[in-house]
Number of protein chains: 2
Amino acid sequence: MTPRGDNDAGLGLSPSARVILGMIALGNNTGYDIKRVVDHSTRLFWAASYGQIYPELRRLEDRGLVAGSSQPSGGRARTVYELTPMGEEALRGWLSAQDDPQFELRDEGMLKLFFSDSLPERRIENLALMRALHERKLVQLDEIARSAKEMHDGPRLTLQFGTALTQWMINWCRETETRLAKESATEE
Amino acid sequence: MTPRGDNDAGLGLSPSARVILGMIALGNNTGYDIKRVVDHSTRLFWAASYGQIYPELRRLEDRGLVAGSSQPSGGRARTVYELTPMGEEALRGWLSAQDDPQFELRDEGMLKLFFSDSLPERRIENLALMRALHERKLVQLDEIARSAKEMHDGPRLTLQFGTALTQWMINWCRETETRLAKESATEE
DNA sequence: CGAGGATATATCGCGCCGGAATATCTGTCA
DNA sequence: TGACAGATATTCCGGCGCGATATATCCTCG
């Protein structure tokens with residue numbers, strides 16, 4: 001509808017490729033490591049699965065952005081990846097690109113709220129369910145913040161963001177719940 | 001990883017099926033209509049494409065949740081869908097389900113922030129880019145709010161949510177920008 | 001020593017999803 | 001009136017996301 005700048009800066013890095021390059025730069029150099037760290041850090045605003053990570057690592061190696069070396073620990077196969085100079089440049093290219101960053105939200109609770117005129121008596125319960133979800137997430141984020149001291153600046157900032165956003169969501173739900181409760185009370 | 005409740009309430013409605021049932025209940029009864037309304041309303045927290053809508057409409061018809069009738073306007077093919085009683089029940093079933101609602105965020109700007117230790121001098125510019133994006137979105141939301149008076153309660157609530165969230169994002173970016181600017185100034 | 005859980009790697013397949021392609025209708029301005 | 005832009009309506013395609021699963025090895029504790 002509206003023409004947008006293509007998210008194609010740097011060297012045409014696919015979304016998953018960006019996470020992988022960044023994660024290797026932070027010292028997570030195996031597919032398994034990357035998956036584990038993503039699950040404990042960026043997962044709130046960027047998820048990734050094995051099905052993306054392993055094929056992407058091989059594609060990146062084909063393009064010369066990472067170099068993998070087989071380092072079996074014991075008898076188990078294990079490939080450790082490092083950034084090549086080209087890979088470092090691609091990462092920096094992406095980080096300094098001027099394109100509109102992709103932003104996408106998928107919130108089923110909001111969708112239910114949108115359609116709630118088909119079943120108004122459930123509105124408040126749905127808001128409470130959303131709030132409960134975010135409250136549980138907040139506990140997890142607090143745990144991460146407590147367990148991991150001495151973080152890098154980037155991860156620390158995004159953790160603060162995640163915490164603040166989650167708190168904001170909880171407040172919005174609670175305020176809307178009480179407002180709707182009042183309205184439906186005065187209507188009777 | 002963590003066991004979650006399956007999002008499977010009602011009758012195993014797929015995510016796109018839910019939007020479609022809800023949209024038909026609101027009186028948008030052709031594929032084209034649904035796409036257009038989604039693009040102007042739920043798109044902020046739930047997008048949908050033709051590639052989901054048209055096949056899903058046929059699947060829903062096969063399952064007896066919607067009934068389509070061919071109503072060509074002029075010589076152009078056109079199928080108008082209505083909810084069947086079963087479809088209405090499926091919609092209400094989903095709206096009253098107690099499962100954890102799906103929540104997912106994909107924010108490339110945050111991802112860049114997370115990896116920004118690889119290129120710290122771009123941190124503030126990236127925040128400004130994120131802010132600019134949200135500021136443009138806010139203008140669009142305000143236009144929608146102004147042009148569409150007399151909304152249903154559900155859509156009005158989600159529009160308020162979208163506006164408030166976008167404003168919160170803008171503020172977070174701005175505050176973080178100024179905080180980082182101060183920090184880097186005192187470091188010198 | 002043996003069981004079970006964590007570590008590590010890899011693959012499969014379905015469905016999501018953006019968008020290009022197609023075709024027809026409507027309005028408008030020369 | 002005839003050309004053309006733009007709205008309406010649907011189909012189709014390829015790529016990627018992503019959950020689920022298979023396999024094998026390592027570590028640890030009882």
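Only a predicted model underlies this, so the values are computations on that prediction, with no experimental measurement involved. So that the names make sense, note that chain A is the first sequence line, chain B the second, and so on, each numbered from 1.
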To the nearest angstrom, the CZ-C1' distance between B/R36 and D/dT8 comes to 9 Å
Quick note, ring pair (Phe, Tyr, Trp, His ring centres under 6.0 Å) partners involving residues 99-138 of chain A, not counting sequence neighbours, are A/F103-B/H134, A/H134-B/F103
In whole angstroms, the gap separating P of C/dA10 from CD of A/E61 amounts to 11 Å
Original post:
Any side-chain donor-acceptor pair under 3.5 Å between B/R123 and B/S116?
Top reply: yes
Any salt bridge linking B/D153 with B/R156? Criterion: basic side-chain nitrogen under 4.0 Å from a carboxylate oxygen. yes
- Query: Below 4.0 angstrom from OP1 or OP2 of D/dT10, is there any side-chain N or O of B/Y54?
  - Reply: yes
Donor-acceptor contacts under 3.5 Å from residues 162-176 of chain A side chains, at least two apart:
| from | atom 1 | to | atom 2 | distance (Å) |
| --- | --- | --- | --- | --- |
| A/T163 | OG1 | A/L159 | O | 2.9 |
| A/T166 | OG1 | A/G162 | O | 2.6 |
| A/T176 | OG1 | A/W172 | O | 2.7 |

Per side-chain hydrogen bond (donor to acceptor under 3.5 Å, both in side chains), B/D39 is matched among B/R36, B/R43, B/K35 by B/K35
Between CZ of B/R78 and C1' of D/dT11 the distance, given in whole Å, is 18 Å
Contact string for nucleotides 14-21 of chain D, one letter per nucleotide 5' to 3', B = base within protein heavy-atom range under 4.0 Å, S = sugar-phosphate only, - = neither, reads ---SBB--
note: B/R43, atom CZ; C/dC16, atom P; distance rounded to Å ~ 21 Å
Give a yes/no answer on whether the side chain of B/R58 brings an N or O atom under 4.0 Å of OP1 or OP2 in D/dT11. yes
A/H40 atom NE2 is separated from C/dT7 atom C1', nearest whole Å, by 13 Å
Q) Is there a donor-acceptor pair closer than 3.5 Å between any side-chain N or O of A/R18 and the backbone N or O of A/L13? A) yes
Separation of C/dG15 atom P from B/L60 atom CG, nearest Å, is 14 Å
A/D39 CG to C/dA6 P, in whole Å, measures 14 Å
Here the distance between atom P of C/dT11 and atom CD1 of A/I53, to the nearest Å, is 14 Å
Under 4.0 Å: is that the gap between some side-chain N or O of B/Y32 and OP1 or OP2 of D/dT8?
yes
### Check: B/G109 main-chain N/O paired with B/N126 side-chain donor or acceptor under 3.5 Å
no
